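Below: the structure, in structure tokens.
Since this is a predicted model, take the numbers as computed values, not measurements. Here is the naming used below: chain letters follow the sequence lines, and residue numbers restart at 1 for every chain.
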Amino acid sequence: MEQMKKVPITFYIRRFDPVTDEEPRIQKYVLQVEKGMTVLDCIHVIKEEQDPSLAFRFSCRMGVCGSCAMLINGKPTLACNTQTLDLTDSVLTVGALPNFNIIRDLVPDLVPMFGVHQRVQPYIIRKDTQEMEKPSGEYFQSPHQLEEFLQFTYCIKCGVCMAACPTMATDRQYPGPMALTQAYRYNTDSRDDGGGERKDLVAKSHGVFGCHYAGECSNACPKGVDPARAIQLLKRDLVRDYLHLGKDHACAKTHPLPPNAERKPKIEAPPFTAGT
Amino acid sequence: MRETKQFDNHFGIIGWLGGGRWGIERYLYIIHRVAGLGILLFFMMHIFESSVRIFGPESWNAAMNVLKHPVFKLGEFVVYFGFAFHALNGLRLILIELGFAVGKAEEPVYPYRSSLNVQRPLMIVVMVIAAVVILAGGMNIFVLH
């Protein structure tokens, strides 16, 4: 088999060691890169062959888990999803995601993002708590109702949209595209009735109206989730709600069991036994 | 848990310029924000300039003579540019924020097509109108007067 051609690429990696560094420094590595190597592959090779102290985060290597988001040549994206030779034939810069604190080297602190995600209550909220606790049947949902929010369920929480967002760069109280998209996703779900509870976070002064549609979140999203669209639709729903123009969102009803059918007994979760 | 030192990697105002793929809507975002801040600055300067009247006609005439300098003609055009762009782009943003021109949620199939592609005809129409309005204003300021 013909030997694959290797190209020498100079990597400028922005590194930060919390013990020794006051601010990030740029370190240079030269690597022979061949076709098919992603940026994550290259960073792995650098760690194995040149510098074992290089810290980065990864898991699935196939654009599913969202762990390896980095700033590559000035653009936030997934390192595992980016072919090195598609970007450059000489020089590549790699840094941690902006708009987050750096824990070490290429590892950003995503805790604030998950914190605000938690605050939008990304789960079905209903007023019939009895039905929530002891369900008597499935909730009705038509394919059309599913399509209204399905696109926004593909979010992998990688933080790329948060790093690309220019509003996030200056407004630290802004929830960010990811959290707002998830707020819209659950508000639009026909089974959900928690729009009022999420309004406190999304409709305040540093909320959804901080977005002026730069569209960077949708350009950068590696999964095609289109957060900019969700944010605009969320604004539309808030305006309609404020002006009492919207249709009342009737929460999906429960589908009763058909006659002669029996519900399977609820499987009890085993007791939590951490540390044993 | 042991607390470790972290580096604050927020871009700040530079983030308006960096950290993205530079779609045309991002340029509009930056111009819109800068124009908005510029108009605010102009209003404050305008109030200051108008307030000179309370010091009498001499002060007022002196201020008016200063404003006849050609630099202020350029400044007038810059304010007009900012106002026309901010107003028209603002109308585009209002239409988008009311859910027009962003389309419905769709299945993400690679290569991804986002709401930015859907609203682009609106953006082009609004920018053409803005260009015509700004050119007409420029003609009025620099050629007709």
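- Rounding to the nearest 0.5 angstrom, the gap separating the SG atom in A:C221 from the OH atom in B:Y112 is 7.5 Å.
- In terms of heavy-atom proximity, B:L98 sits nearest to A:R236 at O-CG, 3.2 Å.
- Interatomic distance, A:Q232 CD to B:E97 CD, rounded to the nearest 0.5 Å: 6.0 Å.
- For B:E107, the salt bridge (charged side-chain N to carboxylate O under 4.0 Å, His left out) criterion is met by no residue, not counting sequence neighbours.
- Residues B:E106 and A:E147 have side chains not in contact (no heavy-atom distance under 4.5 Å, counting atoms from C-beta outward).
- A distance of 11.5 Å separates OH in B:Y110 from NZ in A:K223, rounded to the nearest 0.5 Å.
- For a residue to count as touching a neighbouring chain, one of its non-hydrogen atoms must lie under 4.5 Å from one of that chain's; by this rule B:V109 does not touch chain A.
- In this structure the side chain of B:H10 reaches within 4.5 angstrom of the side chain of A:R172, judged on heavy atoms.
- Rounding to the nearest 0.5 angstrom, the gap separating the CD1 atom in B:I96 from the CD1 atom in A:I231 is 12.5 Å.
- Side-chain contact, A:T167 with B:Y29: a donor N or O sits under 3.5 Å from an acceptor N or O.
- The heavy-atom pair separating B:G103 from A:R229 by the smallest distance is O-NE, 3.7 Å.
- Rounding to the nearest 0.5 angstrom, the gap separating the CG atom in B:D8 from the CD atom in A:E23 is 12.0 Å.
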